[in-house]
Amino acid sequence: MKRVVVVIWAIILGIVAGFIGAKLDQSDFNLKLSLITFLIFGLLLNFVPEIMRSTVPVEKKADK
């Protein structure tokens with residue numbers, strides 16, 4: 001469920017960022033492009049914890 005919420009918020013923030021970016025660039029707002037771009041971003045963001053978890057070094061026990 002947590003991963004679905006991340007994708008939904010990425011889409012919502014993507015729409016807002018796309019709208020603001022289009023107005024700053026003085027171009028037309030393209031909803032489809034914003035949705036696709038931030039859907040991909042949200043899906044990639046879901047895999048960051050998995051990547052970070054696999055790169056944690058294993059601590060070696062000191063020989064006594």
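Residue indices begin at 1 and follow the sequence shown. Only heavy atoms go into these numbers, but all of them, side chains included; no hydrogens, no water, no symmetry mates.
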Give a yes or no on whether Val5 and Ile12 share a hydrophobic cluster (residues Ile, Leu, Val, Met, Phe, Trp, Tyr; joining criterion: side-chain heavy atoms under 4.5 Å apart).
yes

Calculate, to the nearest 0.5 Å, the distance between atoms CD1 and CG belonging to Ile8 and Leu13 respectively.
12.0 Å

By side-chain contact (heavy atoms from CB on, under 4.5 Å), Phe29 pairs with (sequence neighbours left out) Ile15, Phe19, Ala22, Leu31, Ser34

Pairwise distance CZ(Phe38) to CG(Leu43) - rounded to 0.5 angstrom
13.0 Å

Where at least one partner belongs to residues 3-25, residue pairs that pass side chain to side chain donor-acceptor pair (under 3.5 Å), sequence neighbours excluded:
Arg3-Glu50

May I ask you to list the residues sharing a hydrophobic cluster with Leu24, side-chain cutoff 4.5 Å, ordered by chain and number?
Val16, Ile20

With sequence neighbours left out, what residues match Lys32 under side-chain contact (heavy atoms from CB on, under 4.5 Å)?
Asn30, Ile36

Rounded distance (nearest 0.5 Å) linking atom CZ of Phe47 with atom CG of Leu45
10.5 Å

Linking I/L/V/M/F/W/Y whenever any side-chain heavy atoms sit under 4.5 Å apart, do Leu35 and Leu39 land together?
yes

